[in-house]
**Student:** 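Encoded as structure tokens, here's the structure I'll be asking about.
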Amino acid sequence: MSNESLANLLKEERRFAPPAELAAAANVTAAAYAQASEDRLAFWAEQARRLDWATEPTETLDWSNPPFAKWFADGTLNVAHNCVDRHVEAGNGDRVAIHFEGEPGDSRAITYAQLKDEVSRAANALLELGVTKGDRVAVYLPMIPEAVVAMLACARIGATHSVVFGGFSADAVASRIQDADAKLVITADGGYRRGKATALKPAIDEALTKCPQVEHVLVVRRTGQDTAFTEGRDVWWHDIVERQSAEHTAEAHDAEHPLFILYTSGTTGKPKGILHTTGGYLTQAAWTHHAVFDLKPETDVYWCTADIGWVTGHSYIVYGPLANGATQVIYEGTPDTPHQGRFWEIVQKYGVTILYTAPTAIRTFMKWGDDIPAKFDLSSLRVLGSVGEPINPEAWVWYREHIGAGKAPIVDTWWQTETGAMMISPLPGVTTTKPGSAQRALPGIAATVVDDEAREVPDGAGGYLVLTEPWPSMLRTIWGDDQRYIDTYWSRFEGRYFAGDGAKKDEDGDIWLLGRVDDVMLVSGHNISTTEVESALVGHPAVAESAVVGATDATTGQAIVAFVILRGTATDSPELVEELRAHVGRTLGPIAKPKQVKVVGELPKTRSGKIMRRLLRDIAEGREVGDTTTLADSNVMNLIQSQLPAQGDQA
Ligand code: 6R9
């Protein structure tokens with residue numbers, strides 16, 4: 001690494017003040033920053049009181065054995081009671097918890113009272129199947145309400161769930177079931193995606209040939225397709241759940257009781273089982289959802305478009321929103337089924353007020369064209385969220401203009417599976433936002449940027465994002481591997497959590513995320529972030545999306561190679577390619593000018609929408625394409641290769 005540290009090239013001067021009306025009635029004001037910086041632990045102890053505890057905690061943080069934290073350790077509570085029962089007890093049983101919208105167009109509204117009955121029945125069914133407190137349960141379901149019910153039923157009885165994304169292969173499911181040593185699997189016959197009924201159960205049947213410890217498979221009927229059943233092992237959800245009593249007394253669990261394991265793929269093959277516990281996790285999930293989205297449970301209609309198989313689905317579909325008594329939309333399918341306006345049709349149908357989605361989706365909508373959202377009434381939207389990747393300033397501005405009518409504030413929320421809940425984000429009633437910046441750590445959170453020697457960088461400089469104090473929803477360990485937890489997160493910088501992301505601080509001290517440090521390029525001795533070059537490219541009116549990689553180069557160390565997807569109206573030509581190179585040069589400086597720009601129709605993404613630059617690097621360096629098991633669409637790499645001319649042009 002050169003001393004100059006990570007690049008700091010992009011200048012973004014646009015500023016957007018919070019809407020006056022929102023600011024005047026905001027759930028959280030600037031006072032929260034002052035309060036938290038005065039006494040961080042007292043701040044979190046106060047937020048914990050938003051929950052209903054069976055035993056109120058007297059302790060806040062136990063950090064006597066770092067990096068193993070305990071939060072609210074002498075408190076006890078039940079997560080399902082907090083997410084469901086207490087809202088019914090408060091007289092809100094008739095409030096809709098979930099507006100479910102199936103891909104084929106079927107819909108269901110589920111009130112908090114109905115959700116309470118369903119979760120209680122499912123909890124009783126789990127008990128009948130021999131699941132008890134401390135057992136692990138794997139969940140492999142489409143985006144249907146039963147996924148929420150299954151998770152809450154586990155939480156209710158103290159079983160630890162491990163949700164595996166419904167798009168993962170039998171092998172990926174098997175290794176996760178084995179690692180967690182799950183004794184029950186909850187799945188479905190199938191789900192609807194892209195207009196088709198896609199089977200899920202066969203992947204479980206195949207996975208279980210390697211998982212003899214699994215005693216039962218609970219199967220939800222969603223599509224009605226033919227489904228093989230193993231006698232004695234497999235049980236239909238409707239057969240067992242429907243006949244249970246809707247009475248189940250939720251027992252209180254310790255604040256540090258394991259709530260869930262969620263696997264993230266590490267850089268080495270074996271996925272890491274990120275462990276989250278009960279009281280601290282729910283405290284931060286609920287408070288951030290209340291603060292960052294300014295949720296008013298009586299009037300807002302909230303929609304997070306993530307899949308329940310990712311941490312965003314856990315914290316901001318299930319636990320945060322339900323703890324806050326929100327009314328939310330859950331949509332089963334893809335944004336282009338049956339037409340490219342499906343999301344906006346849903347916003348219009350339910351009067352969605354808060355929308356939480358990912359930059360990859362926003363760039364796709366840009367590509368499809370401005371005229372599509374323009375056909376729908378989106379005037380209900382008042383807060384827009386982004387998560388999953390750095391959002392390019394142009395995509396941010398497009399989101400604000402075309403979805404938020406130029407008014408709705410955007411909250412760009414930085415966090416990770418490991419952090420459990422949001423860490424760095426604007427507050428919609430407080431922050432004057434900057435397109436492309438997640439801005440500053442939330443109240444009660446301590447983040448900064450350091451250089452190779454762990455020194456905090458001054459404003460205006462770049463380096464590595466670190467978290468300098470423990471936080472309530474932090475991962476507690478990697479399931480079954482404490483040493484890997486220490487090595488992965490706490491060893492690079494003594495006493496600090498290293499997130500693996502590059503970041504810079506601007507002149508005001510606001511944080512700009514620059515992507516994973518593995519993705520930073522070293523060109524002629526300069527560190528250049530892929531994110532900044534990608535943002536410059538998306539800033540050109542012809543470009544909808546781009547992915548930039550550093551390819552080994554004999555003269556410059558690495559050379560910048562850009563893959564771009566054009567917007568609907570633009571066409572590929574040598575002149576356009578030249579213009580894009582020049583555009584990056586003008587925006588960021590000549591050093592950042594890509595050596596090659598390749599126009600493609602698709603980019604390789606993980607199933608949660610993150611670009612897999614590693615695979616593009618293989619192409620750029622003329623190598624055989626590596627491991628593609630986490631790729632969302634396995635045909636994409638063939639497609640990209642077939643679209644590219646031979647190597648060596650445009651040098
Ligand atoms: C919630 C989630 C975590 C990684 C993280 C970073 C990237 C997430 C971001 C962002 C820039 C944001 N990331 N949000 N980068 N700005 N607002 O996505 O968790 O799937 O574990 O990914 O995603 O690189 O380190 P996870």
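Computed from heavy atoms alone, side chains included, the values below leave out hydrogens, waters and symmetry copies. Note that ligands are numbered from 1 as they come in the structure, with each ligand's atoms numbered from 1 the same way.
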**Student:** After noting the C-alpha distance and the side-chain angles of Val139 and Val164, does the key distance pass the side chain to side chain contact (heavy atoms under 4.5 Å, CB included) rule?
**Tutor:** CA-CA 6 Å; Val139 176; Val164 180; over 6 Å; no
**Student:** Side chain to side chain contact (heavy atoms under 4.5 Å, CB included) with Ala499: which residues, sequence neighbours excluded?
**Tutor:** Trp414, Gln416, Leu465, Tyr497
**Student:** Name all residues meeting the side chain to side chain contact (heavy atoms under 4.5 Å, CB included) criterion together with Ala286; count only those two or more places apart in sequence or in a different chain, and write none if there are none.
**Tutor:** Leu51, Ala323, Asn324
**Student:** Filter on salt bridge (charged side-chain N to carboxylate O under 4.0 Å, His left out), then keep only pairs touching residues 604-615, sequence neighbours left out; what's left?
**Tutor:** Asp519-Arg613, Glu534-Arg613, Glu545-Lys605
**Student:** Heavy-atom contacts with ligand 1 below 4.0 Å: which residues, ordered by chain and residue number?
**Tutor:**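 Close residues (ligand 1, cut-off 4.0 Å): Val311, Thr312, Val387, Gly388, Glu389, Pro390, Asp412, Thr413, Trp414, Trp415, Gln416, Thr417, Asp501, Leu513, Arg516, Lys610.
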**Student:** Checking Val137 against Thr160 for the side chain to side chain contact (heavy atoms under 4.5 Å, CB included) test, could you report, in this order, the C-alpha distance in whole Å, the side-chain angles of both residues, the deciding distance, and whether it holds?
**Tutor:** CA-CA 6 Å; Val137 172; Thr160 301; over 6 Å; no
**Student:** Under 4.0 Å between a Lys/Arg side-chain N and an Asp/Glu carboxylate O for Glu394 and Arg14?
**Tutor:**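 Salt bridge present between Glu394 and Arg14.
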